[in-house]
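In what follows, a single structure is set out as C-alpha cells and then discussed.
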Amino acid sequence: MVNTVLQYVFGGAALALGALGYFRPTHRTSQWAGALAAAGAGGAAYYDAFWPMVLLGLTALWCLFLGVNWVTPGWRGRFGLVAGVTLVALLVLLPSMESMSGGVVKCPTYIKERMGFRLVAGLDLRGGLRLVYTVEVAEAIRDKRDAYFEDMETELARAFELHSGEDRPTDEVYNKLREKVTITAPRDESNRIDIEFKNPADEAKFDKRFQDRFRGELDFAHEVGSGKVRYFIREAAESDIRERATLQAKEIILRRVDELGLREASVSTRGEDVIVEVPGEDEASFQQIRDIISQTARLEFKLNDDENKFFEQLSKDLQGTSLPSGISFQSESVSLGQDADEEPIVGVFHFAVITNQDGESSEASLKRFREWTETLNVPPGREIGFEKLTTMDASTRKETDQGWRTYVLKSRAEITGDMIRDAQAQPQSQQGSLGGWLVALTFTERGGSIFERITGDNVKRRFSIILDDKVESSPVIQGRIPGGHATITMGSGDAQVQLQRSRNLEMVLRSGALPAPISLSNEQHIGPSLGRDSIKLALEGALGGSVLVIAFMMLYYRGGGLIANLGVAVNLLLQLAVLASFGASMTLPGIAGLALTVGMSTDSNVLINERIREEQLEGRSPRAAVELGFNRALSAIIDGHITTLIAAVILAQYGTGPIKGFAITLIVGTITSIFSGVVVSRVLFDLWVHGKGRDAKLNVG
C-alpha cells in the first residue's frame, strides 16, 4: 500500500518537474534531470528498492532547488546538499530514536522493516548477558588426525596397487586393504594413528615416499622388522591447531551474532575460552542466542549400510541378557537398491531403540544410548547414527520426544559442510503458513558433482543427513539428482516451530561450522558495568555542558550564535546517523566523544564569527564580511581538526575497549564537524545576507 502511494507521489513529481522544465527554458536542464530522478524513484518504489528510491527522490528534490530563482546557483546547490544529507540522517536515525526514547518517538513500520541500522545502548549503560564457552580443542585435533587417517588409507591402497586416480577408493578396495594392513585411530587418543602390516614383507610399502607424504605435522615411530608404525601429531602442530580452533570459533560465533542483528555484542577470547557479552534484558532473545551459538553445525551426508546384519546378530547374541533400561531391538522393511529391471530390492533392517525413561530428558537418554553403543564391536569402516523419535498430537500438532533409534552408516562422509555454498529456509508449499518448512542447500561445484555421482550410483538406497552427530533425516534416493541442490526437512510438527528451526539452521550453516564443539562453562547476568549513579551523573554532565555551550553562543554572538547552534545540531545528527549505520553501540566513552565534538564544532563557529566580526569592524559589507570571514577561518579550522583526527586514528589503532569506542566516535565527529562548520554554517550565513539583499545586517555580537 505504501509503495503504491509513493509511486503516485514520485510519478506526479516527475510530471510536475517535466512541465516546469518545458515552460521555464532557463532552468530546463535541472528540472528535466529532476523529472528523470523522480521517475526513477517511482520505479524503485514499484520494485520495493528502498535506498535507490530514497536517493533518487532526494536527487529530484535537489534538482528542484537548483531550478528556483533564489539567492545564487552555488548556494542552491549547497543548500540542496545540506538538506539531502540531513534528511538521510533523520531517516537512518528514526528506528534508533524509537527504541532509545522508549516509544515516545514513533518510527513508521514501513521504514522500520526496510532499515537495518540501529544505535543501541552498550553493556556499560544497559547491562546484559555474559557467556563463557570452552572450545573442546581435543575434537579439533581428533578431526585433523582423522583426515590424515583417511589420506593414509588411500595412500596405502595406492601402494598395494589396489587403487589409482584421485577419487576416493570404493568399499571393495578398503576391504581388500584390510586383508593386508590394519590401520586404526584410537578414540581415546586424539593424536595417534597405528599401522600394522599383516605380512612383514609388506613393510617395504612404508618407504621414503610414504614418509615424506605425511611429514608436515606428523612424527612417527617405527622399529624395522616389526611391521608396526605409529604416527602422532607433533606438539607444536597441536598447539597451532588449538590456537586456530579458538580463533576460528570466535570468528564464526561473531558471524552468527551479526546474523542475529546483535552487532553491539562483544566477542573475545581468553585462552581456549570464547567470551560473548550481549546487552539487553530479554530472556527469550538470550535463549535464542544460546541455541544459535552452541550449535556446532557440522553437516555430513553419509550412505546407510542397510544390508549390514550387525544389529540383527547383536539381538541374537544378547537374547536372554539384561539390556540397559529402555533399550530394545526392532526391525523395518527398507529398500536396498534396485535390480536390473529397476525394481526396488526390499530387505529387512534391524536397529536398536532407546525410550526416554520417566523424567529423563531427550539429551540424557541419548547420552546413555551412546555410552552403551561405544561398548559394542562395530564393524570396521562403519559407525552408528542416532535419530530422534517423536510423536505428534493430531489436534495440537505439537511434537513430543519419545527416544532415539539407530542406523548403521558408512564412516566416511560423502559430502561435508564445506561443500555447501548457501542455505535458505523455505516453505514446503506455496502456502508457507499451512505447510511445513525446509532448508534448501546449494552445493559448491565440487559438492554438486559428488552429490550427483553418489545419488546416481545409489538409487533406492537410504542417504542420511547428519547435523552435529545426529541424523536429521534418512531419505531414500529416488534417482540421480543433478544441479547441486538438496533439502533438509524440519519434520512434521507445528509450522511455527519448524519455521524457527529452519531459520536457525539456515543461520548456522551460512555462518559456517565451528571447528570443534563448544560447552557453556559460565553464564552471568550483568548489570550496567559503571553503576546507575555513575551513568546518571555522566549523562547529566554531558547534557549540562552542551546546554551551557549553546546558551553562551546565543548570548555572546546573537544571530551568529543561533547559526552556530544550528550547525552543532546538524553535526550531532550526522554523527549519530553515521554511528547507527555502522551498527555501533552507544557507550559512555562514546557519549564523551559526542560531547567533545560538540565543543569542537562550536570552536569552529567561534573562529568564523570572530573573523566576520573583524571584517565588519573594518567597514566591509555583510556579504564581503561573510566571504572573507569564512575564507580566512578555513585554514585554522582544517588545521585544528586534522591534528585531532590524527590523534583519534592513533587511539583507534592501538586502543581497545572503551578507548577504541571513544576514538571511533571522535573520528566520525571530527569529519562531520568540518562539514557542519564549513558547509552548513556557510549556507545559513549566505541565506541571511542574501535573503534581505542590500538591507541585510549581520549581528554577530
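What you are looking at is a predicted structure, and each value in this text was computed from that prediction instead of being measured. The basis for the numbers below is simple: all heavy atoms, side chains too, and nothing from hydrogens, waters or symmetry mates. Numbering starts at 1 and runs along the sequence shown.
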- Compare all side-chain heavy atoms of Leu129 with those of Arg290 and state whether any distance is below 4.5 angstrom. yes
- Query: Do the side chains of Ile415 and Ile454 get nearer than 4.5 Å, heavy atoms only?
  - Reply: no
Counting distance only, does the side-chain N/O of [X] pair as donor-acceptor with the main-chain N or O of [Y] below 3.5 Å?
{"X": "Lys144", "Y": "Asn191", "value": "no"}
{"X": "Arg256", "Y": "Gln295", "value": "yes"}
{"X": "Lys302", "Y": "Ser411", "value": "yes"}
{"X": "Gln357", "Y": "Thr355", "value": "yes"}
{"X": "Thr373", "Y": "Arg370", "value": "yes"}
{"X": "Arg368", "Y": "Ser325", "value": "yes"}

Do you know the tightest heavy-atom contact between [X] and [Y]?
{"X": "Arg178", "Y": "Pro380", "answer": "NE-CB, 3.6 Å"}
{"X": "Val137", "Y": "Ala245", "answer": "CG1-CB, 4.4 Å"}
{"X": "Ser464", "Y": "Leu409", "answer": "OG-CD2, 3.5 Å"}
{"X": "Thr406", "Y": "Phe349", "answer": "O-CE2, 4.1 Å"}

For the atom pair [atom1] ([X]) and [atom2] ([Y]), what is the distance rounded to the nearest 0.5 Å?
{"X": "Glu300", "Y": "Glu472", "atom1": "CD", "atom2": "CD", "result": "12.5 Å"}
{"X": "Asp151", "Y": "Leu218", "atom1": "CG", "atom2": "CG", "result": "10.0 Å"}
{"X": "Thr390", "Y": "Trp404", "atom1": "OG1", "atom2": "CH2", "result": "10.5 Å"}
{"X": "Leu247", "Y": "Ile252", "atom1": "CG", "atom2": "CD1", "result": "11.0 Å"}
{"X": "Thr246", "Y": "Arg270", "atom1": "OG1", "atom2": "CZ", "result": "12.0 Å"}
{"X": "Ile233", "Y": "Arg142", "atom1": "CD1", "atom2": "CZ", "result": "10.5 Å"}

- Residue pair Phe329, Leu323: steps toward the side-chain contact (heavy atoms from CB on, under 4.5 Å) verdict: CA-CA 10 Å; Phe329 293 100; Leu323 292 172; 3.7 Å; yes
- Query: So Phe214 and Tyr148, would you call those rings parallel, tilted or perpendicular, with 30° and 60° as cut-offs?
  - Reply: perpendicular
- Message: Please verify the inter-ring angle class for Phe301 with Phe451; under 30° counts as parallel, over 60° as perpendicular, anything in between as tilted.
- Response: perpendicular
- Task: Using a strict 4.0 Å threshold on nitrogen-to-oxygen distance, state whether Arg234 and Asp240 make a salt bridge.
- Result: no
- Regarding Arg405 and the six-membered ring of Tyr407, is the cationic atom NZ or CZ under 6.0 Å from the ring centre and inside 45° of its axis? yes
- Task: Quick one: list whatever passes salt bridge (Lys or Arg N to Asp or Glu O under 4.0 Å) with Arg230, sequence neighbours left out.
- Result: Asp194
- Within 6.0 angstrom of Gln338 CD, more than 12 heavy atoms from elsewhere: yes
- Name all pairs fulfilling the salt bridge (charged side-chain N to carboxylate O under 4.0 Å, His left out) condition that reach into residues 461-470, sequence neighbours left out, sorted by first residue then second. Asp306-Arg462, Glu307-Arg461, Glu332-Arg462, Glu363-Lys470
